[in-house]
Protein chains: 2
Amino acid sequence: MPKRRPQPSSHCPIHFALDIFGDAWSLLVVRDLMFKGKSSYGELLASDERISTNILAERLERLEAHGIIRKDVIHTAAARTRYTLTPKGAELMPMLLEIIAWSARYDAKTAAPRGFARRVRTDRDALVRELTAQLHERET
Amino acid sequence: MPKRRPQPSSHCPIHFALDIFGDAWSLLVVRDLMFKGKSSYGELLASDERISTNILAERLERLEAHGIIRKDVIHTAAARTRYTLTPKGAELMPMLLEIIAWSARYDAKTAAPRGFARRVRTDRDALVRELTAQLHERET
DNA sequence: GGTGACACTTGCAAAATGCAAGTTCCAGTG
DNA sequence: CACTGGAACTTGCATTTTGCAAGTGTCACC
């Protein structure tokens, strides 16, 4: 799992973030964990965007190494492996909400719920709290 | 300049955004235009992260095609070419601020100004207005 | 002990990236 | 008006990453 690491070429915060999730797939994985209630490898693999299995495995390893997600193996269930967001990963929510709001505005065919973008603009903090609560609920 | 396009595999807003700037370099270009006052090819090429010239050229073309930036050629100056953000591109600012805030929190050696992350959290809207004003000032 | 499900690995062709060395197009100089 | 220099790219090629398909290992349950 290389993909850069030896000495960051700058400590710019944008660069720091892109070094972790600056690719086409990482944030889709985060999205599925954060908003779609997914938690198993199989569920993540079945995304609409059809991520391929080797890429998914590599991204999960990478996100875990960066402390964005956590992998738990439960020795009593059939679906034994479970991926969840760490607090560090969950704190990407405001950023993701901004991405959603921006895309909703510029993609005429967006699948974002109607009114969601407006709510991001006018009631952000409450929205974050609400979605975070849902997230923790699901994890129980 | 291929890099996906034929039929988006979903209309998820996150996917829509990543399809445009889901790579290691695009947002660094936007950052340089938005926060660092850069506007020429040469300035963009000289970023700390050392983007290579063919990649820069391809990304500029791509960002322009997606309406994030605009390229103006002025026939009276030595540095004739000028890149600027469109309104669509400038509206990525809230997202970039969230990225900065997140990275500032998790990168111990972050170059983000002290107190910036706090201001993003407590005084976001005014901050966006202020930085947007600076952006337009520079462009005159 | 056998059989699925699930979670990955592996191998390989195709595409994207990084690097260095051009090339083109003026603006200004002499 | 030829000439030089800088700015903005292009091109060629080796390396890396991706995408796809097929294969492997490990349990839980029957």
Side-chain angles (χ1 to χ4, degrees), chain A residues 1-10 15 18-29 32-33 38-65 69-84, chain B residues 1-10 15 18-29 32-33 37-66 69-84:
Chain A
M1 196 216 10
K3 200 193 176 191
R4 222 170 316 143
R5 193 68 73 81
Q7 296 294 81
S9 47
S10 84
H15 181 244
L18 292 176
D19 207 48
I20 298 176
F21 52 74
D23 68 272
W25 297 107
S26 297
L27 288 182
L28 294 181
V29 171
D32 286 350
L33 296 173
K38 299 184 179 181
S39 64
S40 70
Y41 188 91
E43 286 170 338
L44 293 168
L45 193 61
S47 71
D48 289 342
E49 292 87 4
R50 323 262 59 216
I51 187 171
S52 57
T53 173
N54 55 338
I55 302 295
L56 176 59
E58 201 267 341
R59 290 304 187 280
L60 288 170
E61 189 184 347
R62 182 149 231 291
L63 289 171
E64 193 188 6
I69 65 175
R70 203 182 45 206
K71 173 181 178 174
D72 294 310
V73 181
I74 304 137
H75 286 285
T76 54
R80 285 145 276 142
T81 309
R82 217 182 157 194
Y83 291 97
T84 50
Chain B
M1 193 217 6
K3 200 194 178 190
R4 220 169 322 144
R5 190 69 71 82
Q7 297 292 84
S9 47
S10 85
H15 182 243
L18 292 176
D19 207 48
I20 299 176
F21 52 73
D23 68 271
W25 296 109
S26 297
L27 288 181
L28 294 181
V29 172
D32 286 352
L33 296 174
K38 299 185 177 179
S39 65
S40 70
Y41 189 91
E43 286 171 337
L44 292 168
L45 193 60
S47 71
D48 289 342
E49 293 87 4
R50 322 266 54 220
I51 188 172
S52 56
T53 174
N54 53 340
I55 301 294
L56 176 59
E58 201 268 341
R59 290 303 187 279
L60 287 170
E61 190 184 346
R62 180 149 232 290
L63 289 171
E64 194 189 7
H66 281 288
I69 65 175
R70 203 181 48 207
K71 172 180 178 173
D72 294 310
V73 180
I74 305 137
H75 286 283
T76 54
R80 288 145 277 142
T81 309
R82 217 181 157 200
Y83 292 98
T84 49

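Throughout, a chain's letter reflects where its sequence line sits, starting with A, and its residues are numbered from 1. As a basis for the values below, the full set of heavy atoms in this structure was taken, side chains included, without hydrogen atoms, waters or symmetry mates.
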Rounded to the nearest angstrom, tell me the gap between atom [atom1] in [X] and atom [atom2] in [N].
X	N	atom1	atom2	answer
B:Leu60	D:dA8	CG	C1'	10 Å
B:Glu64	D:dA8	CD	P	14 Å
A:Ile51	D:dG19	CD1	C1'	11 Å
B:Ile55	D:dA14	CD1	C1'	14 Å
A:Arg50	D:dA21	CZ	C1'	13 Å
A:Arg82	D:dC27	CZ	P	20 Å
A:Leu45	C:dT9	CG	P	13 Å
A:Lys38	C:dA7	NZ	C1'	16 Å

Check your understanding: Can you name the closest pair of heavy atoms from A:Lys71 and A:Thr81 and give their distance?
Key ->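 Nearest heavy atoms, A:Lys71 then A:Thr81: CE-CG2, 3.8 Å.
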
Check your understanding: So, for B:Leu33 and B:Ile69, which heavy atoms are closest and what is the spacing to 0.1 Å?
Key ->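 Between these two residues, the closest heavy atoms are CD1-CG2, 3.6 Å.
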
Among [options], which nucleotide sits nearest the side chain of [X]?
X	options	result
B:Thr53	D:dT18, D:dC9, C:dC25	D:dC9
A:Arg80	C:dC6, C:dG18, D:dC9	C:dC6
A:Tyr41	C:dC8, C:dA20, D:dC20	C:dC8
A:Lys71	C:dC8, D:dA8, D:dG19	C:dC8

Could you work out, with side chain to side chain donor-acceptor pair (under 3.5 Å) as the rule, every residue matching [X], not counting sequence neighbours?
X	answer
B:Asn54	B:Ser52
B:Thr53	B:Tyr41
A:Tyr83	none

Review point. How large an angle, rounded to 10°, do the end axes of the helix from C:dG1-D:dC30 to C:dG30-D:dC1 enclose when each is built from five base pairs?
Key: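 One end axis against the other gives 10°.
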
Review point. With respect to the phosphate group of D:dA7, does any side-chain polar atom (N or O) of B:Tyr83 fall under 4.0 Å of OP1 or OP2?
Key: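 For B:Tyr83, the contact criterion (side-chain N or O under 4.0 Å from OP1 or OP2 of D:dA7) is not met.
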
Check your understanding: Can you tell me if the side-chain N/O atoms of A:Trp25 get under 4.0 Å from OP1 or OP2 in D:dG19?
Key ->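 Yes, A:Trp25 has a side-chain N/O under 4.0 Å of OP1/OP2 on D:dG19.
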
Exercise for review: Please list, chain by chain and in numerical order, all residues satisfying salt bridge (charged side-chain N to carboxylate O under 4.0 Å, His left out) with A:Arg70, sequence neighbours excluded.
Suggested key: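 A:Arg70: salt bridge (charged side-chain N to carboxylate O under 4.0 Å, His left out) contacts with A:Asp72.
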
Review point. Closest nucleotide of DNA chain D for B:Gly42 versus for B:Asn54: which of these residues is on the 5' side?
Key: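 Mapping each residue to its closest nucleotide by heavy atoms, the 5'-most match is B:Gly42.
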
Check your understanding: Excluding sequence neighbours, so at least two apart, what forms side-chain contact (heavy atoms from CB on, under 4.5 Å) with A:Ser39?
Key ->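 side-chain contact (heavy atoms from CB on, under 4.5 Å) list for A:Ser39, sorted by chain: A:Glu43, A:Arg82.
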
